[in-house]
2 protein chains.
Amino acid sequence: MTGLASSIERRNGVSLWRQIADRILQAIANGDFAQNAALPPEIVLAERYGVNRHTVRSAIAALVQEGVLKAEQGRGTFVLSRKRLSYPIGARTRFSTGLQGQTSERHIALLSSSTEPASRRIAEALGIAKGAAVIRLETRGEADGHAVSRATTWFDAKRFAGIEAAMAETGSITASLKRFGIIDYLRHSTVLSARHADADDLAALDLQPGAIVLVTIAVNVTLDGEPIQFAESRFPAERVELRLSAGD
Amino acid sequence: MTGLASSIERRNGVSLWRQIADRILQAIANGDFAQNAALPPEIVLAERYGVNRHTVRSAIAALVQEGVLKAEQGRGTFVLSRKRLSYPIGARTRFSTGLQGQTSERHIALLSSSTEPASRRIAEALGIAKGAAVIRLETRGEADGHAVSRATTWFDAKRFAGIEAAMAETGSITASLKRFGIIDYLRHSTVLSARHADADDLAALDLQPGAIVLVTIAVNVTLDGEPIQFAESRFPAERVELRLSAGD
DNA sequence: AGAATTTGTCTATTGATATAGGCAACTATA
DNA sequence: TATAGTTGCCTATATCAATAGACAAATTCT
């Protein structure tokens, strides 16, 4: 559908080598190359994109630096990384169970936590008063040692006092909520957008500048419909796709 | 959450002015500026981002060219464009009804149509034999005269012969399917990703190079679960967000 | 009227980006 | 062992991107 051959734009603020690197990443993520497959030779890529061979080399150098490609003098350039993870989103969105079968290990690392007054937006989502205390967790989702998500989550501080300790200990939202008597919960709403990664995303998700992140803003509720959690999650678009499950 | 103040990265293949333009667009889409509100003065933005005033001017010039901002000598620079459209996605995703209340007019324009053999991916999705004839429609969704989506859609050619004429006439998928006896249908699956817009997206969606598009790949089915439509849609991330409806 | 603020324009300089060509180094294969 | 194919590295040149400073032009406020 969107192969290697799409064209390249000049004078738009994005350098040619970055655009070409993006296309190659995309092709890999689409599954156009098998693992360890050889990329076409530099001279062929240069002709395909209508640029100089050196420009292609800049793109490849960036991806080698990133650990996506490996270049071997005399032999060729080879693909190291694999297809995108497919992250399911639905009424029962859970980090760990969602990636089952695609990765052997996954958990959520707590980067930091703090208590702050609720902004209007968060207060509305959680059904509490504006300015009431909320606990804010900064987390990173990891699967097989790779960062796959970066999230900021808010809980009502009164109801979920100490949840940051539970998160640090269990590495799981679901397990942490159990300690507060919540054995099941549902995804109430999700809003989805995309943007360029900012400095924080770059560091936390181990991305190269210029990368794109998918952003979800979600509210989780109890079975009774009571809001318990408000979260903004960022996913690296080059490594993750979101799959919207139908019924579930 | 992601305000104007996030930092800027150097030497990454994306020019500073483009990064700043992206952040301003994002802030507008987030609703940080009211319609016709004044942007902070160039000198203030320059200090905030840690760049020269001329660099900020390049970013503003790009957005003025794009029609997002209007600069007036001696007065300031003003926001023209409005908040993002929120496009709902769920079991009953429909183009027209989904945007009701947000726009006064919307329709789907048929750009071109063709008949081609089904690729493996499309054949699997539609439950037909690989190589069987399928009708391919290239369409653009428009709301109040602005392009909000660009889609490629496939139908089984045997069952839906002539659907391109129905689309051209009605400007609606739902209305066209009615002519083939389908009075209701459901969204079976949706896969979501994001990437930089390619040349075709740029032209069809009236975007500037470097823009980001949200990509959905979806299968629609009858109430009996029979697949009828396979579609890849692209949405300009700066103008559209996707809202995942809970129950529906 | 005058001062302050803000956008518009000009010149100049530096570093990054992209093109061009040539040749060395390494690998695989005929 | 040649030979073709591929990556690695060098020099050189032109254009774009970013910084710097100065001043003009338009608007707003005192």
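Just so we're clear, the structure is a prediction, and the values are computed from it rather than from any experiment. Quick note on labels: first sequence line is chain A, next is B, and so on, each numbered from 1.
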Interatomic distance where CD1 belongs to B:I60 and P belongs to C:dG8 [whole Å]: 8 Å
Which part of the nucleic acid does B:S58 contact within heavy-atom distance under 4.0 Å: base, sugar-phosphate only, or nothing? nothing
Indicate whether OP1 or OP2 belonging to D:dT19 is found under 4.0 Å from a side-chain N or O atom of B:T55. yes
Just how far, in rounded Å, is P of C:dT19 from CD1 of A:I43? 12 Å
Value in whole Å for how far the C1' atom of D:dT11 lies from CG of A:N52: 14 Å
Polar contact flag, side-chain donor to acceptor under 3.5 angstrom, B:Q19-A:H196: no
Whole Å only: how far is the CD1 atom of A:I20 from the P atom of C:dA18? 8 Å
Any salt bridge linking B:E142 with B:R140? Criterion: basic side-chain nitrogen under 4.0 Å from a carboxylate oxygen. yes
Atom CG of B:L16 to atom C1' of C:dG15: distance rounded to whole Å? 12 Å
Audit row: B:R234, B:E232, salt bridge (Lys or Arg N to Asp or Glu O under 4.0 Å) steps and yes/no: CA-CA 7 Å; B:R234 284 86 77 196; B:E232 181 193 276; 3.3 Å; yes
Are any side-chain N or O atoms of B:R239 and backbone N or O atoms of B:S149, one a donor and one an acceptor, separated by less than 3.5 Å? no
Provide, to the nearest angstrom, the distance between the OH atom belonging to B:Y49 and the C1' atom belonging to D:dT19. 19 Å
Charged N-O contact under 4.0 Å between B:D200 and B:R150: yes
Could you state the CD-P distance from A:E42 to D:dC9, rounded to the nearest angstrom? 11 Å
Side chain of B:R57: nearest nucleotide among D:dG8, D:dT19, C:dG8? C:dG8
For nucleotides 22-30 of chain D, just jot down a letter per nucleotide in 5' to 3' order: B, S or -, based on protein non-hydrogen atoms under 4.0 Å. ---BBBS--
Does OP1 or OP2 of D:dT7 have a side-chain N or O of A:T77 closer than 4.0 Å? yes
In whole Å, I'd like the distance from the CD atom of A:Q19 to the C1' atom of D:dC16. 14 Å
Is B:R195 salt-bridged to A:E238, cutoff N-O under 4.0 Å? no
Terminal axis angle for the helix from C:dA1-D:dT30 to C:dA30-D:dT1, five pairs an end, nearest 10 degrees: 20°
List for me each residue that meets side-chain contact (heavy atoms from CB on, under 4.5 Å) alongside A:A125, sequence neighbours excluded, and say none if there are none. A:V219, A:F230
With a 4.0 Å cut-off, would you call A:R243 and A:E241 a salt bridge? no
